[in-house]
Amino acid sequence: QVQLVESGGGSVQAGGSLRLSCAASGSIFIFSIFVMGWYRQAPGEQRELVAHITSGGRTNYSDSVKGRFTISRDNAKKTVYLQMNSLKPEDTAVYYCNFVPIRSDYWGQGTQVTVSS
């Protein structure tokens with residue numbers, strides 16, 4: 001079985017930065033072949049994909065975070081990162097990583113990001 005564990009969240013003022021990490025462990029065979037994504041869920045909202053990165057390093061971002069967030073991966077460490085700059089209160093959410101497409105059995109607990117004005 002595969003576990004995905006998110007970390008790095010916290011509380012920051014608007015305009016601040018955070019760097020999230022997602023570490024994969026367990027029976028994953030070759031981490032590098034999978035497309036990975038960062039998702040977030042704000043109170044009362046559906047969980048949404050905000051960024052993903054392919055095995056070849058191609059990235060894509062939602063319009064709401066484009067230009068502010070950067071997704072990256074370290075395949076040797078089986079880890080995906082999300083560098084979050086110029087944070088806004090609207091970025092407040094629980095952030096999760098997962099495969100793209102989603103594998104529902106691999107959701108972790110997420111990491112809380114709170115941005116205050």
Side-chain angles (χ1 to χ4, degrees):
Q1 292 183 302
V2 176
Q3 293 182 350
L4 300 172
V5 180
E6 302 91 345
S7 63
S11 298
V12 298
Q13 295 286 327
S17 297
L18 287 170
R19 186 173 185 248
L20 308 184
S21 298
C22 169
S25 63
S27 61
I28 190 167
F29 182 49
I30 303 176
F31 177 79
S32 62
I33 70 174
F34 298 104
V35 180
M36 301 299 299
W38 281 98
Y39 303 77
R40 69 184 182 188
Q41 187 168 22
E45 302 289 338
Q46 295 294 115
R47 195 169 296 182
E48 64 171 340
L49 178 68
V50 298
H52 73 259
I53 183 166
T54 71
S55 61
R58 179 182 291 271
T59 60
N60 191 260
Y61 303 90
S62 68
D63 289 341
S64 62
V65 308
K66 191 178 302 179
R68 300 187 297 118
F69 292 8
T70 302
I71 188 171
S72 61
R73 66 194 298 165
D74 185 333
N75 292 326
K77 295 182 177 180
K78 299 181 181 179
T79 301
V80 184
Y81 304 96
L82 187 67
Q83 179 66 47
M84 309 165 66
N85 297 328
S86 302
L87 283 162
K88 304 175 181 180
E90 66 195 59
D91 295 318
T92 295
V94 179
Y95 284 72
Y96 305 84
C97 67
N98 209 313
F99 302 94
V100 181
I102 292 168
R103 297 293 300 269
S104 60
D105 49 329
Y106 296 148
W107 287 119
Q109 293 300 117
T111 186
Q112 176 72 50
V113 171
T114 302
V115 185
S116 61
S117 59

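Position 1 is the first residue of the sequence; numbering continues from there.
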hydrophobic_cluster_shared for V80 and L4, side chain cutoff 4.5 Å: yes

Can you tell me which residue among I53, N60, V65 is in a side chain to side chain contact (heavy atoms under 4.5 Å, CB included) with I71? I53

Running the 4.5 Å side-chain criterion over Ile, Leu, Val, Met, Phe, Trp and Tyr, what cluster does V5 land in, apart from itself? none

Residues that K77 engages under side-chain hydrogen bond (donor to acceptor under 3.5 Å, both in side chains), provided they are two or more places apart: none

Measuring from R19:CZ to M84:CE, what's the distance to the nearest 0.5 Å? 13.0 Å

With sequence neighbours left out, the residues meeting side-chain hydrogen bond (donor to acceptor under 3.5 Å, both in side chains) with S116 are Q13

Determine whether V35 and L49 fall in the same hydrophobic cluster, where Ile, Leu, Val, Met, Phe, Trp and Tyr are linked whenever their side-chain heavy atoms lie under 4.5 Å apart. yes

Residues at least two apart in sequence or cross-chain that pass side chain to side chain contact (heavy atoms under 4.5 Å, CB included) with Q112, listed by chain then number, are T92, V94, T114

Mind checking what makes side-chain hydrogen bond (donor to acceptor under 3.5 Å, both in side chains) contact with D74, not counting sequence neighbours? none

Go through the structure and list residues passing side chain to side chain contact (heavy atoms under 4.5 Å, CB included) with S86, not counting sequence neighbours. R68

Going by side-chain hydrogen bond (donor to acceptor under 3.5 Å, both in side chains), name the residues that satisfy it together with S64, two or more places apart in sequence or in a different chain. R40, S62

Test side chain to side chain contact (heavy atoms under 4.5 Å, CB included) applied to S17 - qualifying residues, sequence neighbours left out: Q83, N85

Closest heavy-atom pair, P89 versus A14, reported as atoms and distance to 0.1 Å, is CD-CB, 4.1 Å

Are V50 and L87 joined in one hydrophobic group, where the rule is that I, L, V, M, F, W and Y side chains link up if heavy atoms are under 4.5 Å apart? yes

Could you check if a side-chain atom of E6 sits within less than 4.5 angstrom of a side-chain atom of L20, using non-hydrogen atoms only? no

Residue pairs meeting disulfide (SG to SG under 2.5 Å), one or both in residues 20-101, sequence neighbours left out, come to C22-C97

Could D63 and K66 be called an ion pair, given the rule that one side-chain N must be under 4.0 Å from one carboxylate O? yes

To the closest 0.5 Å, what do you measure between OH (Y81) and OG (S7)? 9.0 Å

Taking the side chain as C-beta and beyond, is there a heavy-atom pair between F34 and M36 under 4.5 Å? yes

Side chain to side chain contact (heavy atoms under 4.5 Å, CB included) partners for I33, two or more places apart: I30

Can you run down the ring-ring contact (aromatic ring centres under 6.0 Å, His included) pairs that involve residues 50-77, sequence neighbours left out, and say none if there aren't any? none

Is there a path of hydrophobic side-chain contacts, each under 4.5 Å between heavy atoms of I/L/V/M/F/W/Y residues, joining Y39 to F31? no

Just distance, no hydrogens or angles: give the donor-acceptor pairs under 3.5 Å from side chains in residues 98-111, sequence neighbours left out.
| unit_1 | atom_1 | unit_2 | atom_2 | d |
| --- | --- | --- | --- | --- |
| N98 | OD1 | R103 | N | 3.3 |
| N98 | ND2 | R103 | O | 3.2 |
| T111 | OG1 | G9 | N | 2.9 |

